[in-house]
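So the structure is just underneath, and the comments pick up after that.
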Amino acid sequence: MRLATWNVNSLRARMGWVEEWLRTREPDVLLMQETKLPDEDFPVAEFAALGYESAHHGNGRWNGVAIVSRVGIDDVRPGFHDDEGPPEECRLLSANCGGIRVFSVYVPNGRTVESEHYVAKLDWLSRLQTELAETCAPLADIALCGDFNVAPADSDVWDITQFAGMTHVTAAERAAVGELLDWGLVDALRVLHPDGPGPFSWWDYRAGAFHKGWGMRIDLALVSRSLAGRLTEVAIDREARKVFGPNKPSDHAPVVVDLDFEPV
DNA sequence: ATGGTAGAGCATCTA
């Protein structure tokens with residue numbers, strides 16, 4: 001089974017490239033973030049034409065998360081299980097796909113450590129931990145994947161000295177991700193590629209950051225231990241961050257997870 | 001000269 005996660009930075013702008021990428025890389029399940037679409041505009045028919053069933057959770061111009069699957073998609077849950085009414089921002093979507101409980105995750109950007117948005121980011125991560133604890137068992141087959149806006153270790157940024165006093169690398173943010181790991185998840189990429197620096201999953205559009213290697217690994221695939229033992233490859237597709245003719249890249253590259261796991 | 005880009009959408013906001 002092949003799972004992938006990709007912050008597409010507008011599905012409207014990226015759909016042609018996403019379709020081409022699906023045809024080439026053939027994931028069984030693709031989790032997307034930042035679709036920037038309301039539900040009614042999600043291209044269900046286009047994904048169906050490629051053999052994928054869809055679920056989407058979005059309400060407007062920003063955020064928006066999706067799951068497309070060619071191994072079934074059941075028990076779809078938009079947002080947190082204890083949400084009261086529709087959320088202001090759509091950043092979480094979970095479903096059962098081929099026997100794995102998958103979560104498409106888009107953690108809020110903290111902007112600056114002094115900002116109210118930073119506090120909200122930590123609160124949201126805490127709520128994600130609660131969601132996991134209250135809706136899943138640690139021994140189940142779980143994949144919690146997406147844009148966490150946290151670089152888990154210094155080796156996950158191109159130059160840690162450039163990040164003094166910045167979000168994405170603070171002890172509190174890393175501790176919040178650490179709680180997900182303590183509960184029973186594993187950072188899949190580091191199982192097979194324990195040594196950094198890199199690979200990175202995000203590069204700023206500005207200042208030629210991609211070509212200078214100024215990246216960060218903030219897109220994570222966190223899998224339960226049962227799946228961690230079945231990993232055959234985990235890779236970040238940095239080729240997808242390059243420009244391909246008419247296709248303009250997202251600022252994020254997809255993370256691709258291969259498992260010795262038969263979809264059920 | 002405190003710089004740069006992309007996407008939403010039409011003035012800025014988000015990242």
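In what follows, every heavy atom counts, from backbone to side chain, and hydrogens, waters and symmetry copies are set aside. Bear in mind that the values here come from a model prediction, so they are computed numbers and not experimental data.
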Residue pairs involving residues 208-236 of chain A (criterion ring-ring contact (aromatic ring centres under 6.0 Å, His included); sequence neighbours excluded): A:Trp158-A:Trp214, A:Trp203-A:Phe210
Position toward the 5' end of DNA chain B (nearest nucleotide), A:Pro108 or A:Ser10: A:Ser10
Within the 6.0 Å centroid threshold, strictly below: A:Phe80 and A:Trp124: yes
Sugar-phosphate only, base, or nothing, as touched by A:Tyr106 at under 4.0 Å among non-hydrogen atoms: sugar-phosphate
Sugar-phosphate only, base, or nothing, as touched by A:Arg241 at under 4.0 Å among non-hydrogen atoms: nothing
Heavy-atom contact window of chain A on DNA chain B, given 5' to 3' at under 4.0 Å: B:dG4 to B:dA15
Within 6.0 angstrom of A:Glu262 CD, more than 12 heavy atoms from elsewhere: no
Parallel, tilted or perpendicular, as decided by the 30° and 60° cut-offs, for the rings of A:Trp6 and A:Trp17: perpendicular
B:dG9 to B:dA15 separation - C1' atoms, rounded to the nearest Å: 16 Å
Span that lies between the P atom of B:dA6 and that of B:dA11, in whole angstrom: 23 Å
Salt-bridge contact A:Lys121-A:Glu173 (side-chain N to carboxylate O under 4.0 Å): yes
Separation between the P atoms of B:dT12 and B:dA1, rounded to whole Å: 25 Å
Residue whose nearest DNA chain B nucleotide is more 5′ - A:Asp147 or A:Ala13: A:Ala13
Partners passing salt bridge (Lys or Arg N to Asp or Glu O under 4.0 Å) against A:Asp260 (at least two apart in sequence or in another chain): none
